[in-house]
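This report concerns only the one structure given below.
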There are 2 protein chains.
Amino acid sequence: MGRCEQCLIKQFNNLNALSKEELSRISDSKDVHIFKKGEVIFDEGKFSSGVYCIKDGVCKLSQLNANGKEQIVKFSKKGDLIGYHSAITHEPSTIKVTALNDVAACYIPQDLIKKPLEENPKFAGAMFKTVCSDLKEANNAITNISTNTVHQRMADLILFLKETYGVDNNNTINIQLSRKEIASSVGTATESAIRILSGFKKDGLIDLDGKAIVILDEEELKHLAEGI
Amino acid sequence: MGRCEQCLIKQFNNLNALSKEELSRISDSKDVHIFKKGEVIFDEGKFSSGVYCIKDGVCKLSQLNANGKEQIVKFSKKGDLIGYHSAITHEPSTIKVTALNDVAACYIPQDLIKKPLEENPKFAGAMFKTVCSDLKEANNAITNISTNTVHQRMADLILFLKETYGVDNNNTINIQLSRKEIASSVGTATESAIRILSGFKKDGLIDLDGKAIVILDEEELKHLAEGI
DNA sequence: AAGTTTGTATGATATTAGTCATTGTATAAG
DNA sequence: CTTATACAATGACTAATATCATACAAACTT
């Protein structure tokens, strides 16, 4: 098993700010987990006793409302540390994390994160900025959802997915979501999401091939997202 | 001018975690500002060079979307520290903070917050937990806005306002918002907010007297908020 | 391979919420 | 005190979105 000290993933996250010794201690106790597509990494209401560092694959972070309707609040990126909130506050997790494709993640016991967080100001500062940035994104999402139309948000999501996960040489987005997941992210009904995607296809903005989305007219999508 | 060391407000926030020396340094440089109702404490896009500790009064934290429509993302509570994100990251503020009534706030230059944040793990940890908690609330708001109806969210807001600001002996909520502000918080049009409030009054859930809201049937409001 | 389940697609319809227009009502300014 | 300005309320209408129903396709099961 690889050592954290050599792991390139930490370029994408705050573990980079740890000292050699701290990293080495983590490396000794960490555990690589493989989650199959659809597997729940940890669930709403449960306590997480550690933090996962996502090495490969994509997760959705979601919540259920009182009627069991799912809302996706975030998609993970490579290198994301997840579960730190529950691990640090010892409160039950308010979000559920699910693998959207096969996910490789290193499990780090909570103590090995909490200690550097208290003792290493560089790491603590980096983590603080990350949470601040997540909060900023969440606030933007609130404003986006409540002031923009579903059409705008759908265009926005497509551009976000391209931005975050990239496209292949066919301009096909490198992540496949079900229509239901798309709807849960945009905050609309599945049928509405399907209809809007069909509409985008008819208008030549995107092409659809099963779950694959091909971006055809990025400029027009940007205009749509801005409500023009 | 009072000294921070004696100030009772810090019981409500993380400044409590500072050492005597840190507090004393803040006390020497701090500045009490009075903001009149409606005054902008700091604006979206601007840099904040310090942090405000809210001693008295209530602020709204809001964002504008591309079309200039306002979304309130949070209401401040007594003791809240605001502006730390911009002060710490040196990025322009993504939110606008406006006084909803007369607000007394102590201005603390950014250095006096940044230093303890790096050197005092107790304070840094407390701040970290606060941002995590804000993030949790923001995620809940996302789920609430996109899965619940405007009626539900209105009932929810009324209960939240009671919970946060309390009621007098008439069961009148201790904070007065304009209909527009209520709408901007719930995420709906002003007319819709007015209509729903009128409906609640007709149904005997609340009473309205100008901007004052009197809670008459809290149980039913709770049911409504939960979508029952 | 046949059956079962799950996901996708689309039409018809209902509901919700937004917009526009108008009137009344406070509140502030001269 | 009067006028101007912002705020509140409500009706009429329109647009956006959700729900229900159904059909079909894809992906698993046995």
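A, B, ... follow the sequence lines: proteins, then strands. Residue 1 opens every chain.
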Pairs under 3.5 Å (N/O, protein and nucleotides 25-30 of chain D):
none

* **All side chain to side chain donor-acceptor pair (under 3.5 Å) counterparts of B:S62, not counting sequence neighbours** => B:E70
* Structure fact -> Taken in chain and number order and not counting sequence neighbours, the residues that satisfy side chain to side chain contact (heavy atoms under 4.5 Å, CB included) with A:Q152 are A:N148, A:T149
Polar pairs (N or O, both sides) under 3.5 Å between protein and nucleotides 15-21 of chain D?
| from | atom 1 | to | atom 2 | distance (Å) |
| --- | --- | --- | --- | --- |
| D:dT17 | OP1 | A:V150 | N | 2.9 |
| D:dA18 | OP1 | A:T188 | OG1 | 3.4 |
| D:dA18 | OP2 | A:T188 | OG1 | 2.3 |
| D:dA18 | OP2 | A:A189 | N | 3.3 |
| D:dA18 | OP2 | A:S192 | OG | 2.8 |
| D:dT19 | O4 | A:R195 | NH2 | 2.9 |
| D:dC20 | N4 | A:E191 | OE2 | 3.4 |

Side-chain polar contacts of residues 87-97 of chain B - donor-acceptor pairs under 3.5 angstrom, sequence neighbours left out - could you list them?
| from | atom 1 | to | atom 2 | distance (Å) |
| --- | --- | --- | --- | --- |
| B:T89 | OG1 | B:H85 | O | 2.7 |
| B:T89 | OG1 | B:E91 | N | 3.4 |
| B:H90 | NE2 | B:K114 | NZ | 2.8 |
| B:S93 | OG | B:I95 | N | 3.1 |
| B:S93 | OG | B:I95 | O | 2.6 |

* Does A:F128 have any ring pair (Phe, Tyr, Trp, His ring centres under 6.0 Å) partners at least two apart in sequence or in another chain, and if so, which? -> none
* **Within residues 170-180 of chain B: residues closer than 4.0 Å to DNA chain C (heavy atoms)** => none
For residues 220-228 of chain A, which side-chain donor-acceptor pairs fall under 3.5 Å, sequence neighbours excluded?
none

* Considering only heavy atoms of chain A and a distance under 4.0 Å, specify the first and last nucleotide of DNA chain C in 5' to 3' order that meet this criterion. => C:dG7 to C:dA12
Please tabulate, one pair per line, all N/O donor-acceptor pairs under 3.5 Å involving side-chain atoms of residues 32-41 of chain B, not counting sequence neighbours.
| from | atom 1 | to | atom 2 | distance (Å) |
| --- | --- | --- | --- | --- |
| B:E39 | OE1 | B:K36 | N | 2.7 |

* Strand-adjacent residues in residues 204-215 of chain B, judged by heavy atoms under 4.0 Å from DNA chain C -> none
* Asked: Using the C1' atoms of five pairs at each end, what's the angle between the two axes of the helix from C:dA1-D:dT30 to C:dG30-D:dC1, to 10 degrees?
  -> 40°
